[in-house]
Amino acid sequence: MQLDKTLAFDEFAIASLADWKAKATKDLKGKSLEELVYRTSDGLELEPYYTEENSNKGAALPAIEWKIVLVAKQKLEGVDSTIESLGDLGEDCGKLTLENLSKVRSSKVYFELGAKFFEIIAKLRALRIANPESEINVVIPPVEDEFEYNNLVRQTIAAAS
């Protein structure tokens with residue numbers, strides 16, 4: 001017997017937003033769909049699911065060349081450049097919040113990232129669309145933690161976003 005390794009999505013019907021809501025309501029067994037709405041740290045509400053009906057097409061962004069910069073006195077292998085202070089990255093805009101995003105007026109800025117992966121991605125994309133000519137830098141601060149590897153995991157998540 002030989003397996004057919006082709007997969008055609010044509011055979012599946014496109015589900016509407018109403019179909020998704022009906023299925024979710026049934027699967028929740030009496031719980032409200034409102035309980036699944038996620039509220040960001042900035043107070044925005046995100047639906048638990050998106051279809052073409054309730055989402056906007058994202059703006060196409062040009063490819064970004066990422067560089068790793070180390071704040072230190074000595075160079076480290078694998079780092080693109082070394083600076084002596086965060087001020088060399090531009091204006092400090094604080095934490096990556098919607099309020100701080102709207103204050104960007106300089107052509108060279110930096111933000112402090114947290115670990116909320118999808119929020120960070122959305123905010124950085126919005127900032128890149130609103131300020132395509134700006135040099136936007138991000139800083140991933142260490143956080144004191146009693147568990148040895150939590151900081152590494154936290155910083156990896158922030159860097160990935």
Side-chain angles (χ1 to χ4, degrees), residues 1 3-68 86 89-107 109-161:
M1 182 173 120
L3 290 174
D4 179 14
K5 293 187 179 182
T6 60
L7 179 62
F9 287 101
D10 306 6
E11 62 191 83
F12 298 103
I14 296 175
S16 69
L17 183 58
D19 294 338
W20 279 105
K21 285 185 178 182
K23 176 68 172 143
T25 301
K26 179 182 172 192
D27 290 349
L28 286 173
K29 299 178 183 171
K31 289 184 183 177
S32 165
L33 281 175
E34 289 299 314
E35 291 179 46
L36 299 179
V37 172
Y38 173 73
R39 286 165 187 77
T40 69
S41 57
D42 292 301
L44 299 176
E45 292 185 353
L46 303 177
E47 295 291 329
Y49 46 83
Y50 285 89
T51 67
E52 283 190 64
E53 293 175 54
N54 67 337
S55 64
N56 296 325
K57 297 285 184 196
L61 293 174
I64 299 170
E65 184 181 326
W66 296 100
K67 294 186 177 168
I68 299 173
L86 285 175
L89 292 176
E91 179 186 343
D92 179 2
C93 291
K95 291 196 180 285
L96 189 63
T97 63
L98 289 179
E99 182 181 350
N100 289 344
L101 288 178
S102 65
K103 295 178 183 176
V104 173
R105 301 287 179 253
S106 174
S107 63
V109 298
Y110 73 92
F111 288 93
E112 182 181 311
L113 295 188
K116 293 188 176 184
F117 188 77
F118 293 109
E119 279 186 49
I120 292 170
I121 291 171
K123 288 174 186 177
L124 289 174
R125 284 182 58 88
L127 183 59
R128 177 63 57 203
I129 291 167
N131 301 294
E133 303 301 318
S134 293
E135 179 184 317
I136 300 165
N137 297 289
V138 294
V139 175
I140 305 168
V143 178
E144 293 297 322
D145 199 309
E146 64 182 280
F147 301 105
E148 185 178 353
Y149 296 106
N150 278 4
N151 207 30
L152 179 62
V153 172
R154 188 179 294 111
Q155 289 178 322
T156 301
I157 291 170
S161 64

Check: Can you find a heavy atom in the side chain of T97 that is under 4.5 Å from one in the side chain of S41?
Finding: no
Note to self: Looking at every heavy atom in both P132 and I129, which two are closest together, and how far apart are they?
What the structure shows: CD-O, 3.5 Å
Next item on the list: Of all the heavy-atom pairs spanning W20 and A15, show the shortest one and how long it is.
Entry: NE1-CB, 3.6 Å
Next item on the list: For side-chain contact (heavy atoms from CB on, under 4.5 Å), just list the numbers for L36 and L28, CA-CA rounded to whole Å, side-chain angles, deciding distance to a tenth of an Å, and then say yes or no.
Entry: CA-CA 10 Å; L36 299 179; L28 286 173; 3.7 Å; yes
Item checked: Reported CD-to-CG distance for the pair E119 and L96, which is rounded to 0.5 angstrom -> 9.0 Å
Next item on the list: Return the minimal non-hydrogen interatomic distance between S106 and S134, and the atom names on each side.
Entry: O-OG, 3.4 Å
Next item on the list: Give the C-alpha distance, both sets of side-chain angles, the deciding distance and a yes or no for side-chain contact (heavy atoms from CB on, under 4.5 Å) between L44 and L98.
Entry: CA-CA 10 Å; L44 299 176; L98 289 179; 3.5 Å; yes
Checklist line | Partner residues of K23 under the salt bridge (Lys or Arg N to Asp or Glu O under 4.0 Å) criterion, sequence neighbours left out | finding: D27
Next item on the list: Supply the atom-to-atom distance N137 CG to E91 CD, rounded to the nearest 0.5 angstrom.
Entry: 12.0 Å
Notebook entry, point to check: Given side chains that start at C-beta, do those of V139 and L89 come closer than 4.5 Å, heavy atoms only?
Noted result: yes
Next item on the list: Please examine the side chains of R128 and L124, heavy atoms only from C-beta on, and report whether any two atoms are closer than 4.5 Å.
Entry: no
Margin query: For N131 versus I136, what's the shortest heavy-atom pair and its separation?
Written below: O-CD1, 4.4 Å
Checklist line | Test side-chain contact (heavy atoms from CB on, under 4.5 Å) applied to L46 and T40, step by step | finding: CA-CA 8 Å; L46 303 177; T40 69; 3.8 Å; yes
Next item on the list: Kindly say whether L101 contributes a backbone atom to a donor-acceptor pair with the side chain of K123 at under 3.5 angstrom?
Entry: no
Next item on the list: Apply side-chain contact (heavy atoms from CB on, under 4.5 Å) to Y49 and L17, showing your working.
Entry: CA-CA 9 Å; Y49 46 83; L17 183 58; 3.6 Å; yes
Notebook entry, point to check: Just wondering, more than 12 heavy atoms not from E99 lying within 6.0 Å of its CD?
Noted result: no
Notebook entry, point to check: So do the side chains of V37 and E34 get within less than 4.5 Å of each other, counting heavy atoms only?
Noted result: yes
Margin query: Quick check for you: to the nearest 0.5 Å, what is the distance between F111 atom CZ and N100 atom CG?
Written below: 6.5 Å
Next item on the list: Quick one: pull up NZ in K21 and CD in E47 and give me the separation to the nearest 0.5 Å.
Entry: 6.5 Å
